[in-house]
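The block underneath contains the structure these notes are about, expressed in structure tokens.
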Amino acid sequence: MRDIDRLLAKAQDLLDQAWRTAQTKREVIALVDAYHDVRRARANLHLALTPQPVKYRPPSRSRLTPEQVREIRARWEAGGVTQAQLAEEYGVHLKHMQHIVRGRVWKGAA
């Protein structure tokens with residue numbers, strides 16, 4: 001990280017020197033563009049090196065409780081009810097119900 005900071009600082013110093021010696025409008029425009037590139041690189045470096053918070057869904061947003069999942073699996077194993085009926089009864093999508101019954105989701109509720 002220190003090497004990158006040194007490199008960015010050196011680029012900034014070179015831009016400052018060039019700025020003092022710029023004589024034409026075209027040179028000034030090129031220096032302004034280069035200056036913004038260096039600032040953007042420094043900002044991107046800061047974002048890349050800053051730890052980002054872990055995104056997760058809190059349990060309170062779940063439509064089902066572990067008890068309901070255990071009940072769903074017990075009713076499915078006992079037979080007499082389809083996955084579509086269970087999905088409609090519990091207010092979840094059929095595909096999600098299939099994953100619950102097969103154990104692909106809610107693995108801890110077994």
Side-chain angles (χ1 to χ4, degrees):
M1 179 172 145
R2 293 175 193 243
D3 293 334
I4 294 172
D5 284 337
R6 273 190 251 132
L7 179 64
L8 289 172
K10 184 169 175 80
Q12 185 69 46
D13 290 341
L14 290 173
L15 282 174
D16 290 340
Q17 289 173 4
W19 183 262
R20 287 191 289 274
T21 60
Q23 295 182 4
T24 65
K25 250 184 171 178
R26 183 169 290 181
E27 288 176 346
V28 171
I29 291 171
L31 287 171
V32 168
D33 290 342
Y35 174 76
H36 288 297
D37 290 342
V38 169
R39 288 190 53 128
R40 193 174 308 117
R42 183 170 287 184
N44 290 339
L45 175 67
H46 175 70
L47 287 176
L49 297 178
T50 303
Q52 300 298 317
V54 176
K55 296 179 182 177
Y56 70 99
R57 185 193 324 191
S60 62
R61 290 184 57 194
S62 177
R63 292 186 181 184
L64 300 174
T65 64
E67 294 80 26
Q68 288 175 318
V69 171
R70 285 190 285 272
E71 181 183 328
I72 288 169
R73 289 181 179 156
R75 287 178 61 192
W76 172 251
E77 288 172 7
V81 65
T82 65
Q83 292 178 1
Q85 291 169 338
L86 288 170
E88 187 175 329
E89 182 180 331
Y90 286 94
V92 296
H93 195 272
L94 175 61
K95 195 68 174 175
H96 187 61
M97 185 59 65
Q98 291 170 350
H99 290 305
I100 290 171
V101 169
R102 293 178 183 154
R104 293 185 71 185
V105 294
W106 285 95
K107 294 176 183 176

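In what follows, every heavy atom counts, from backbone to side chain, and hydrogens, waters and symmetry copies are set aside.
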Stepwise side chain to side chain contact (heavy atoms under 4.5 Å, CB included) test for I72 and L64: CA-CA 10 Å; I72 288 169; L64 300 174; 4.2 Å; yes

CD-CZ distance between E71 and R73, expressed to the nearest 0.5 angstrom: 13.0 Å

By side chain to side chain donor-acceptor pair (under 3.5 Å) - contacts of R40 (at least two apart): D37

Where W106 and I100 come nearest, the two heavy atoms and their spacing: CD1-CG1, 4.0 Å

Residues in salt bridge (charged side-chain N to carboxylate O under 4.0 Å, His left out) contact with E77, at least two apart in sequence or another chain: none

Within 6.0 Å of CD in E88, more than 12 heavy atoms from elsewhere: no

Nearest heavy-atom neighbours spanning H93 and K95: ND1-N, 3.1 Å

Atom pair CG/CD of L86 and Q98 - distance to nearest 0.5 Å: 11.5 Å

CG-NE2 distance between L94 and H99, expressed to the nearest 0.5 angstrom: 9.5 Å

With E89 via side chain to side chain donor-acceptor pair (under 3.5 Å) - residues at least two apart: R75

With sequence neighbours excluded, residues passing side chain to side chain donor-acceptor pair (under 3.5 Å) with R102: none

Flag, side chain of R63 to backbone of Y90, donor-acceptor distance under 3.5 Å: no

